[in-house]
There are 2 protein chains.
Amino acid sequence: MALRSNGAVRATTAGAPAFPLDTILIGDCVAQLEKLPAASVDLVFADPPYNLQLRGDLRRPDDSLVDAVDDAWDQFESFQAYDAFTRAWLLAVRRVLKPTGTLWVIGSYHNIFRVGATMQDLSFWILNDIVWRKSNPMPNFRGRRFTNAHETLIWASKSADAKGYTFNYEALKAGNEDLQPRSDWLIPICSGGERLKGDDGRKIHPTQKPEALLARVLLAASKPGDVVLDPFFGSGTTGAVAKRLGRHFVGVERDRDYAAAAQARIDAVVPLGSDMLSPAPAKRDAPRVAFATVVERGLLAPGGRLADARRRYEATVRADGTLALGTVIGSIHRIGAIAQGAESCNGWTFWHTETPVGLAPIDAFREAIRAEA
Amino acid sequence: MALRSNGAVRATTAGAPAFPLDTILIGDCVAQLEKLPAASVDLVFADPPYNLQLRGDLRRPDDSLVDAVDDAWDQFESFQAYDAFTRAWLLAVRRVLKPTGTLWVIGSYHNIFRVGATMQDLSFWILNDIVWRKSNPMPNFRGRRFTNAHETLIWASKSADAKGYTFNYEALKAGNEDLQPRSDWLIPICSGGERLKGDDGRKIHPTQKPEALLARVLLAASKPGDVVLDPFFGSGTTGAVAKRLGRHFVGVERDRDYAAAAQARIDAVVPLGSDMLSPAPAKRDAPRVAFATVVERGLLAPGGRLADARRRYEATVRADGTLALGTVIGSIHRIGAIAQGAESCNGWTFWHTETPVGLAPIDAFREAIRAEA
DNA sequence: AACGCAAGTGAATCCACGG
DNA sequence: CCCGTGGATTCACTTGCGT
């Protein structure tokens, strides 16, 4: 049943099933997990179907068609059907997880609330919810919602009493400029050379996760030599990262094409030396500050007047973070451009506010907000 | 039952309950909401009890006691009890919400998954989940988890088919460096002078939300004059921000002390002028102009030729305001789509007319007609 | 070679009004 | 209520081609 074994099979007590280390098991995850011994896995990373309920197609403003996730494996008849599916795989995971093991699940608002509630119902104990902030999400094309710029991970132990789970706090803190690791992570989506593509140049899997995300999960909550299980293996990101970081993996995948691509990918991975297995320092976020934030924080009051350095133009601050120049309303940049009759303008340096010592550029407020972030 | 009315009571048809505008209703939220007329509220902001399951006291490294949320109102016997509670208030909210209204709920990982799943069960339609990233969260003292640096908001309409909800996309974009607004918001927690404190200097409410958070919610999803309901009014942040931003509020609060503090707080709020609140103009709200009008006014003559910006296609203006592309006749949009082989097309920006200084989009004619109207 | 511009793309529950 | 249609709507990043 295993697609291929990298060799190692963990010795177990007589009669117990052998453990298929570093192997992709082909088939339904519940059925495959039943073949594994109980309490044998240190960490589970699960990326289940999201049950996206898309209606009709979506086009970009340039009329090109968005390649949606419309695969059969993501279709469920109802919430009830999805909940039953969720419950089944969570129970199977629960059995194979060690008492000290933890479970990670990733999802979006389409499914994560149902998954989280079911986890609680099955007495998993949530340790954190983690937000994966995407630095480069797909935009919202119709301007009718907020850009969906994040996904959610839930990190849980088997029960409220489960102690002794792995959390590499010191290493994470050292890798985060000596600041405590937070529940919000900024990581780009998987693209470029990391994205698996077929001979036709098309993506192999519609929802391949970035290796940086899995690396942070494994570095945070597992140790070298640990066994990491991924019941929805897909393109094998979990396996690739586990191998690179000196962890063992077991993957379960229903689709033979996905599994084959994952195996080839993992075969090409070169494990890091044990001396290298420390978390990489995170790139510090470049904070972009919105003018609306300046107003929100009360640094400038709605109704306040702004002027350019030579007091030739004046504009009024509005509650939503736009400016009004006469009857024209727009961003600080747009209004600055219109005032001067210019093509563009940097509103942060163009607009000034009155202070006891004369006009000061509003950029000072931006600096203040950046300093605290 | 109302603690105090600010005066306004909306006149309703005979027999229908009067609407208690800008008032705090004292009592259980389900019972109080039943007294409101159906479909009368534009936006609901709900900050329900989080059902925190704290086990024993939490102490800082210096052994000082963390003032945790352990109030009686936050204790539920079981998930089932919490779910029943959630279902009850969500149903009450559903009844008073207008078909075009939307619901916001805030929570943490302790309760948000249960609330979100129940919302879906009651056929609320999730529009976004929003992450409130705290710039200054309470640190994690034990170093056994990630610092809990965010809370989650769910934004939902009454049903999948509910259209016409308010989303002030253009204003949000203008206030955000001309970039579309994202699902992750960075806002500090409520502290300093904004935090309500009693005579003893202790905080009045354990989970007072920052006004900046409510401001962003109301500016995003409501209009001046809208009715905003908060069924768990607490310290009255929703009411204070609603009053400042020219929205009406209704609050329901069970605790008389909270309600009294909220009322005093709201009384001190000075509303902003309407010129700082008027909705930023959106293109989709601009009056429609028929292309036939352009021809009628003689801005373009029948028989005149139009071309796209790169002069790949050409069409002829007809007297009735249609275009002809060879033998095909249709609207400027339809013909533009056909010319390109596209699914759809905005003819106003696609088609151009010859001028002494080169091609100019026919949208200029539309703007001219709008300007004179 | 370096640079610039065009084209492509990503887990998406993505329109409103009038007849 | 369904259907037709006007017409509004995108950000960060990668790849590839042409200069």
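Every chain is numbered from 1 and lettered A, B, ... according to where its sequence line falls, protein lines coming before strand lines. Reckoned from all heavy atoms, side chains included, excluding hydrogens, waters and symmetry mates.
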Side chain of [X] (C-beta onward), nearest among [options]:
X	options	answer
A:Ala68	C:dG10, D:dT10, C:dA12	C:dA12
A:Asp62	D:dT9, C:dG10, C:dT9	C:dT9
B:Glu170	C:dA16, D:dT9, C:dA11	D:dT9
A:Arg144	C:dA11, C:dA16, D:dG7	C:dA16

Show your working on salt bridge (Lys or Arg N to Asp or Glu O under 4.0 Å) between A:Glu211 and A:Arg265 and close with a plain yes or no. CA-CA 12 Å; A:Glu211 297 197 0; A:Arg265 172 188 186 184; 2.9 Å; yes
When we call it a touch if two heavy atoms are under 4.0 Å apart, what does [X] touch: a base, just sugar-phosphate, or nothing?
X	answer
B:Thr349	nothing
B:Gly347	nothing
A:Asp47	base

Going by an N to O cut-off under 4.0 Å, is there a salt bridge joining B:Asp178 and B:Lys173? no
I want to check one thing: is the phosphate of [N], taken as OP1 and OP2, less than 4.0 Å away from some side-chain N or O of [X]?
X	N	result
A:Lys134	C:dG10	no
B:His333	D:dT5	no
A:Ser108	C:dA11	no
A:Asn140	C:dC14	no

Taking the cut-offs as 6.0 angstrom to the six-membered ring centre and 45 degrees off its axis, would you call A:Arg254 and A:Trp73 a cation-pi pair? no
Applying side chain to side chain donor-acceptor pair (under 3.5 Å) as the test, list every pair that has at least one member in [range]; sequence neighbours left out.
range	result
residues 157-171 of chain B	B:Thr166-B:Lys223, B:Tyr169-B:Gln180, B:Glu170-B:Arg284
residues 322-332 of chain B	B:Arg318-B:Thr322, B:Asp320-B:Thr322
residues 334-349 of chain B	none

Hey, where does DNA chain D pair up into stems, meaning at least three consecutive Watson-Crick or G-U pairs with distances under 3.5 Å? C:2-10 with D:11-19, C:15-19 with D:2-6
Just how far, in rounded Å, is [atom2] of [N] from [atom1] of [X]?
X	N	atom1	atom2	result
A:Leu58	D:dT10	CG	P	13 Å
A:Asp57	C:dC15	CG	C1'	14 Å
B:Ile335	D:dT5	CD1	C1'	13 Å

For [X], enumerate each residue passing the salt bridge (Lys or Arg N to Asp or Glu O under 4.0 Å) test, keeping only those at least two apart in sequence or located in another chain.
X	answer
A:Glu253	none
A:Asp83	A:Arg114
B:Asp226	none

For D:dG6 and C:dC14, measure between their P atoms and round to the nearest Å. 23 Å
Could you measure between the two P atoms, the one in D:dT9 and the one in C:dG10, and give it in whole Å? 25 Å
For DNA chain C, whose closest nucleotide is more 5', that of A:Pro49 or that of B:Tyr165? A:Pro49
Side-chain atoms of residues 49-56 of chain A: list all donor-acceptor pairs with protein atoms under 3.5 Å, sequence neighbours left out, distances to 0.1 Å.
{"from": "A:Tyr50", "atom 1": "OH", "to": "A:Glu151", "atom 2": "OE1", "distance (Å)": "2.5"}
{"from": "A:Arg55", "atom 1": "NH2", "to": "B:Ala160", "atom 2": "O", "distance (Å)": "3.0"}

Name each donor-acceptor pair under 3.5 Å that joins a side chain in residues 363-373 of chain B to protein atoms two or more places apart or in another chain, with its distance.
{"from": "B:Asp363", "atom 1": "OD1", "to": "B:Arg366", "atom 2": "NE", "distance (Å)": "2.7"}
{"from": "B:Asp363", "atom 1": "OD1", "to": "B:Arg366", "atom 2": "NH2", "distance (Å)": "2.9"}
{"from": "B:Arg370", "atom 1": "NE", "to": "B:Pro287", "atom 2": "O", "distance (Å)": "2.8"}
{"from": "B:Arg370", "atom 1": "NH2", "to": "B:Pro287", "atom 2": "O", "distance (Å)": "2.9"}
{"from": "B:Glu372", "atom 1": "OE2", "to": "B:Arg297", "atom 2": "NH1", "distance (Å)": "2.4"}

Hits for side chain to side chain donor-acceptor pair (under 3.5 Å) against B:Thr102, two or more places apart or cross-chain, chain-then-number order -> B:Trp155
If you restrict it to nitrogen or oxygen atoms, what contacts under 3.5 Å exist between nucleotides 11-19 of chain D and the protein, and what is each distance?
{"from": "D:dC11", "atom 1": "OP1", "to": "B:Gln180", "atom 2": "N", "distance (Å)": "2.9"}

Which of residues 315-330 of chain B sit near DNA chain C, with a heavy atom under 4.0 Å from it? none
